[in-house]
Amino acid sequence: MSSNWIPCRLAILKRKEELESVWEKKIKKRTFSARISTGLYFPPPGFYCQGPVTACVKSCHHVHSFYSFVCFGYPFTSFYSSRVRSKFLLVLKAPVPISCATRGADFTDETALVECPSDCPLWQFSVFGSGVYASVSSICGSAIHRGVISTAGGPVRIQKLSGQENYLSSYGHGIKSQTLSRWISSFSVSRAQTIPIEVSGQPKATALPNSAKKTVKKNLKKANNGNKDCKVDIAFLLDGSYNIGRRRFNLQKNFISKLALMLGIGPEGPHLGIVQVSENPKTEFYLKNFTQPKDVVFAIKEVAFRGGNTNTGKALRHTAETFFTPENGARRGFPRVTVMFVDGWPSDDIEEAATVARESGINVFLVSVAKPAPEELGMVQDRGFVQKAVCKDNNSFSYNMPSWFSTTKFVKPLAQRLCAEEQMLCSKTCYNSVNIAFLIDGSSSVGDSNFRLVLDFIANIVDAFEISDIGSKIGAVQFTYDQKKEIGFHDYTTKEDTLAAVRGIRYMSGGTATGEAISYTVSNLYNPLKGGANRNFIVIITDGQSYDEIRGPAVSAQKEGITVYSVGVAWAPMEDLKAMASEPKESHVFFTREFTGLHQFEQPIIKGICGDFTAPHLKKKKKIDLPYSKEETPGSGTMA
């Protein structure tokens with residue numbers, strides 16, 4: 001059947017006189033619609049109207065003189081009478097504009113016509129099912145997945161359906177839908193086309209009378225925006241092992257449901273997802289999947305018990321490495337929190353996974369339930385697992401409940417801890433909370449080709465850090481006898497732009513005045529940043545002896561709280577490198593004979609910065625002793 005042939009459904013009026021009386025009195029359309037809603041006549045297979053609308057009207061006219069029908073997917077009411085010349089009344093619903101994230105559950109009508117915006121990011125959609133979609137699915141995402149619209153957006157007709165089981169996953173038009181075991185309601189999507197507001201019968205067009213114009217209302221449910229004072233992204237690690245058993249597993253789910261409601265889940269408040277801990281971890285749903293309390297509670301209720309060992313360490317590493325990504329709904333600038341529930345004790349090692357989580361900026365909380373009895377302590381692999389797992393061992397990140405019974409009184413205190421953003425001590429990491437200035441020797445002895453190798457060395461270090469307006473910042477100063485600020489800390493707020501700027505620095509050529517370069521960097525890059533929360537670092541790369549005094553400026557920089565790394569190449573004196581570097585010298589001084597050897601220092605410097613960041617005793621710099629002699633070496637691993 002050609003696409004321009006449109007089905008025509010006819011509603012027959014019982015009495016011709018009734019319709020004519022309605023028209024003559026010009027009563028309101030609402031009453032008019034009520035009066036004509038009698039029986040429905042469905043034409044036999046093969047009976048279709050051919051567009052445009054006028055042709056559709058004419059094709060149907062010979063069947064019944066008085067009818068109401070649907071053309072192009074829009075409800076259309078029309079009538080014809082020998083006394084009323086070809087007057088047709090069009091009842092048209094205008095599309096309701098929606099956002100990329102609007103879900104089927106947000107509409108109450110059985111059918112609705114919506115308008116999807118253009119250029120919605122495909123990774124942002126949450127789609128459950130194929131053909132028939134769970135009502136928590138994005139309408140626009142489902143329409144693109146189904147092929148009803150493209151990423152350019154457009155009108156979509158949705159039809160509400162009852163809930164079902166086993167929503168299937170499939171790939172369509174760039175979107176991978178997800179499976180869902182069961183949901184309370186569903187919807188389908190179909191194409192909708194635009195038609196004129198006026199149609200004509202035989203001689204002329206008749207516009208919609210003012211008295212019959214329908215006001216289109218958005219039947220969106222009132223959304224819960226969430227607790228704006230608790231802006232965190234949370235992963236709950238449910239204990240689904242044989243340790244807890246099915247009964248206590250369900251009590252655990254009830255507790256987490258109460259906790260979710262107490263937190264105030266919502267688009268502008270906290271978001272949460274679930275990872276189940278068992279033999280192998282399983283992500284039950286991500287941060288992006290559900291943002292309304294009732295949907296979260298229902299999703300938690302649907303989590304099925306898995307059984308197996310309590311491999312909490314494996315689940316924590318899985319969460320740290322895969323859960324908090326933009327594709328899965330993690331929000332930029334929001335604290336990331338993992339809450340582990342352990343009934344008894346873990347079956348595996350948790351310390352290494354906890355370190356990975358902390359280094360990723362995740363605040364790990366641990367809720368222990370039913371601590372091991374004295375006679376069970378021999379079976380516990382690591383009795384200090386709580387202290388090793390949490391963000392900080394200061395009693396703020398660990399919580400104990402005696403059992404899963406009568407847990408209501410623990411809900412509010414735990415929710416308050418999870419919402420205390422100022423207490424999220426692990427949100428700041430060495431990757432997202434440092435300011436690093438690179439001092440680049442641009443003297444004549446370096447040469448253009450070696451200068452390119454220095455820029456590659458710097459770019460590889462920069463690439464390890466999370467650069468943004470609220471994260472780490474990078475600066476660069478090139479020096480000869482003069483100094484040039486190549487990159488300021490506020491010049492670039494993305495890693496891509498910063499890397500491009502680093503690689504775009506042009507070689508100056510000239511003499512070497514390293515001491516003045518250090519003073520210039522402190523005054524022009526760091527002084528404007530005073531009061532910031534980030535830790536400050538300087539990495540000096542030089543290939544020769546400075547013509548000015550370097551120890552005084554380096555000491556002054558360290559007194560300002562700046563940690564100094566010195567990297568020497570070729571003829572750079574070891575005495576100068578050690579005089580400039582922070583303590584301990586063996587981990588802050590690096591030397592190589594050739595510029596091609598710089599790459600071996602990239603990872604040691606990155607790890608060194610992270611070590612300095614997490615070692616509070618290094619914030620106060622030790623008094624520098626007399627300079628080392630040129631014959632001394634900085635220690636193992638720093639000479640090449």
Side-chain angles (χ1 to χ4, degrees), residues 3 73 95-107 111-193 220-221 223 233 235 267 271-275 282-292 295-296 298-299 302-303 318-319 321-332:
S3 59
V96 176
I98 61 175
S99 70
C100 303
T102 303
R103 310 164 308 160
D106 295 328
F107 281 84
T111 61
L113 182 65
V114 299
E115 181 80 21
C116 287
S118 61
D119 300 324
C120 291
L122 296 183
W123 59 263
Q124 197 177 68
F125 293 126
S126 294
V127 178
F128 299 86
S130 300
V132 175
Y133 302 94
S135 60
V136 289
S137 302
S138 160
I139 295 173
C140 299
S142 302
I144 294 174
H145 177 267
R146 187 67 171 166
V148 172
I149 60 172
S150 68
T151 53
V156 176
R157 178 167 294 279
I158 62 172
Q159 175 70 47
K160 296 296 284 293
L161 304 170
S162 59
Q164 66 176 45
E165 296 182 353
N166 299 323
Y167 292 89
L168 301 179
S169 170
S170 66
Y171 183 86
H173 304 92
I175 295 179
K176 180 72 161 57
S177 66
Q178 303 178 57
T179 59
L180 191 63
S181 59
R182 184 165 65 91
W183 200 251
I184 51 179
S185 59
S186 314
F187 69 92
S188 62
V189 291
S190 58
R191 288 185 174 87
Q193 302 179 21
L220 289 169
K221 292 182 179 179
D233 289 339
H271 290 184
L272 68 84
I274 297 289
V275 176
K282 180 189 177 184
T283 301
E284 301 290 351
F285 59 87
Y286 289 105
L287 297 164
K288 68 176 184 178
N289 294 144
F290 310 108
T291 57
Q292 291 297 321
D295 296 335
V296 171
F298 188 86
E302 291 298 295
V303 175
H318 166 82
T319 305
E321 293 177 346
T322 67
F323 190 87
F324 293 102
T325 65
E327 293 77 14
N328 293 331
R331 295 170 290 179
R332 182 166 166 261

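Note: hydrogens, waters and symmetry copies are ignored here, and every other heavy atom, side chains too, is used. We're numbering straight along the sequence, starting at 1. This is a predicted model, so every value here is computed, not measured.
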Side-chain heavy-atom pair [X], [Y] within 4.5 angstrom cut-off:
| X | Y | result |
| --- | --- | --- |
| H318 | T283 | yes |
| T325 | Y286 | no |
| V114 | T102 | no |
| S138 | S126 | no |
| Q159 | L161 | yes |
| I149 | I144 | yes |

- Message: Considering only residues two or more places apart or on different chains, which pairs with a residue in residues 114-143 satisfy salt bridge (Lys or Arg N to Asp or Glu O under 4.0 Å)?
- Response: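 Qualifying pairs: none.
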- Would a distance-only check, ignoring hydrogens and angles, find a side-chain to backbone donor-acceptor pair under 3.5 Å from S177 to G129?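 Yes, the answer is positive, given that a donor and an acceptor are paired below the 3.5 Å cut-off.
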- Looking only at atom types and distance, does a side-chain atom of R146 sit under 3.5 Å from a main-chain N or O of V132, one as donor and one as acceptor?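 Absent.
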- Task: Examine W183 together with F285 and report whether their ring centres are nearer than 6.0 Å.
- Result: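 Between F285 and W183, which both carry aromatic rings, the centre distance is not below 6.0 Å.
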- Between L287, L272, N328, which is the residue that forms a side chain to side chain contact (heavy atoms under 4.5 Å, CB included) with D233?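 Filter result, single survivor: L287.
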What pair of heavy atoms forms the shortest contact from [X] to [Y], and how long is it?
| X | Y | result |
| --- | --- | --- |
| K288 | E327 | NZ-O, 3.2 Å |
| S169 | T179 | CB-CG2, 3.3 Å |
| Q292 | P267 | NE2-CD, 3.6 Å |
| L180 | A134 | CD2-CB, 3.8 Å |
| P117 | C140 | CD-SG, 3.9 Å |
| V156 | C116 | CG2-SG, 4.1 Å |

- Mind checking the CG-NE2 spacing from L122 to H173? Nearest 0.5 Å is all I need.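 If we round to the nearest 0.5 Å, L122:CG and H173:NE2 are 11.5 Å apart.
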- Distance in Å, S186 OG paired with I158 CD1, rounded so as to fall on 0.5 Å steps: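 One finds 12.5 Å between OG of S186 and CD1 of I158.
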- Any residue meeting side chain to side chain contact (heavy atoms under 4.5 Å, CB included) with S118, in chain and number order, not counting sequence neighbours: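 Once residues adjacent in sequence are excluded, S118 has no partner under the side chain to side chain contact (heavy atoms under 4.5 Å, CB included) criterion.
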- So do C100 and C120 have their SG atoms closer than 2.5 Å?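 Answer is yes: C120 pairs with C100 in a disulfide.
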- Message: Run the ring-ring contact (aromatic ring centres under 6.0 Å, His included) test against Y167 and tell me which residues pass, sequence neighbours left out.
- Response: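 Expected list: none.
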- Over 60° means perpendicular and under 30° means parallel, so classify the ring planes of Y133 and H145, tilted if in between.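 H145 vs Y133 ring planes: perpendicular.
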